[in-house]
Amino acid sequence: MSQIEVAQIIDQIKQEITVDSNGQGKASIRATARLADVQDSSLRRALLSAALEPSALAQSLIQQGFSPAALETWNEGIPDMGVAAVIEYYAFDAGRYCKQQARLVCKAFNRIGVRAWMQDIMGWTKPATQPQEQPSTPTLPPVEQRLHTLVLAMKTLAELTGGRLNPYTEQQFKDYAGNLLAEHNRKLLTATEEKWLGVVNFAENELGKKVSLSGTHYRGHLGTWVRTFYPHLGDRQETRLVNGVQQPIYVYACHDPTVAAGLTKAIEEFFAHPSPGAALRQAGAFASKKAVVTA
């Protein structure tokens, strides 16, 4: 038996080999028997014996991880890994029943593997993967819609509280509405997608932080922290509503990735520090008595 004869046998059994869409091959019992140079009836009996009195072949396959129940289904076709195991058995482990042809086939398969060989003779190619759809980036509703929602929310709150809104909450609503309109008007005038935010707004709206009005990490210290330790992020000021009063506040170009990254780093450091006030005093941030306004 030569490799040429083996190639002829492989060509003859080609019609009894299939490859599914995942690239997994399967061969009939007859095709597997031809490759191993044994009778297909003998191979079928050996496989069906697995559930009762396993043959030497069945025992070998079970030891390699194939279940007896799986071997019984091989009458409908042997998976590529099973074909390799059967051929290897008759090549080296069948004792006096070892076959020279099985050794030659095993030697040929060892170079590329049974599955790759089945894929090759059947002309199977890996299907092109469909590119995953990128999730759409959520966008804010138009300013007019947000203002309408805000008005309805204030109306509902007033009804629920009998017109007795918390003054601070009411002022926060008014500040938000005023600043929203101002931002909308600025965009209409400049026709740009710039985003200028105070450090507190950036921390709460972009990073999800809760910046308190008092305590060790209150909003006044946050603004001072950024201006003291990260002055390169900018020194632009705009007049905005803060607690119902028009005040100049420091705003930062959050549309600039470098500035946004710098603000993020500064804010994370601020909240990670156990006593930012002490660090600011040590840095001389409070040498001036001028109040600092942030938003």
Closer than 3.5 angstrom, by distance alone: can the side chain of [X] be matched with the main-chain N or O of [Y] as a donor-acceptor pair?
X: S212; Y: G215; value: no
X: T228; Y: W225; value: no
X: H217; Y: H273; value: yes

When you compare the side chain of [Y] with that of [X], does any pair of heavy atoms fall below 4.5 Å?
X: I78; Y: L47; value: yes
X: I62; Y: P68; value: yes
X: L222; Y: F270; value: yes
X: L280; Y: H221; value: yes
X: C98; Y: Y89; value: no
X: F202; Y: K209; value: no
X: L197; Y: E206; value: yes

Between [X] and [Y], which heavy-atom pair has the shortest distance, and what is it?
X: A285; Y: T224; answer: CB-CG2, 3.8 Å
X: C106; Y: A91; answer: CB-CB, 4.3 Å
X: T32; Y: A27; answer: OG1-CB, 3.9 Å
X: A203; Y: I267; answer: CB-CD1, 3.8 Å

With sequence neighbours left out, write down each residue that passes salt bridge (charged side-chain N to carboxylate O under 4.0 Å, His left out) with [X], or none if nothing qualifies.
X: D40; value: R44
X: E72; value: none
X: R45; value: none

Legend entry - Listed partners of T18 passing side chain to side chain contact (heavy atoms under 4.5 Å, CB included), at least two apart: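 With sequence neighbours excluded, T18 shows a side chain to side chain contact (heavy atoms under 4.5 Å, CB included) to K26, given in chain and number order.
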Legend entry - Partners passing side chain to side chain contact (heavy atoms under 4.5 Å, CB included) against A36 (at least two apart in sequence or in another chain):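 With neighbours one apart ignored, the set is V38, Y90.
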State which residues pass ring-ring contact (aromatic ring centres under 6.0 Å, His included) with [X]; sequence neighbours excluded, sorted by chain then number.
X: Y97; result: none
X: W74; result: F66
X: Y252; result: none

Legend entry - Pairing of R236 and E238 as salt bridge, 4.0 angstrom limit: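 Between E238 and R236 there is a salt bridge, with a charged N closer than 4.0 Å to a carboxylate O.
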Legend entry - Charged tip of R227 within 45° of Y250 ring normal and under 6.0 Å: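 Geometry flag: set, cation within 6.0 Å and 45°.
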Inset, instruction - Rounded to the nearest 0.5 Å, what's the gap from CG on N75 to CG on L43? Could you check? - result: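 So the CG of N75 and the CG of L43 are separated by 10.0 Å.
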Inset, instruction - Would you give the length of the straight line joining atom CD1 of I29 to atom OG of S41, rounded to the nearest 0.5 angstrom? - result: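 The distance works out to 10.0 Å.
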Inset, instruction - Please collect all salt bridge (Lys or Arg N to Asp or Glu O under 4.0 Å) contacts where either partner lies in residues 88-99, sequence neighbours excluded, each pair once. - result: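 For residues 88-99: none.
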Legend entry - salt bridge (Lys or Arg N to Asp or Glu O under 4.0 Å): pairs with one or both residues in residues 247-267, sequence neighbours excluded: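 Residue pairs passing salt bridge (Lys or Arg N to Asp or Glu O under 4.0 Å), neighbours aside: K265-E269.
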Enumerate donor-acceptor pairs with a distance under 3.5 Å from any side-chain N or O in residues 50-61 to protein atoms, sequence neighbours excluded.
residue : atom : partner : partner atom : Å
S55     : OG   : A46     : O            : 3.1
S55     : OG   : S49     : OG           : 3.4
S55     : OG   : A58     : N            : 3.2
Q59     : NE2  : P54     : O            : 3.0
S60     : OG   : Q64     : NE2          : 3.4

Inset, instruction - Only pairs at least two apart or in different chains count here, so list each ring pair (Phe, Tyr, Trp, His ring centres under 6.0 Å) that has a residue in residues 12-38. - result: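 Residue pairs passing ring pair (Phe, Tyr, Trp, His ring centres under 6.0 Å), neighbours aside: none found.
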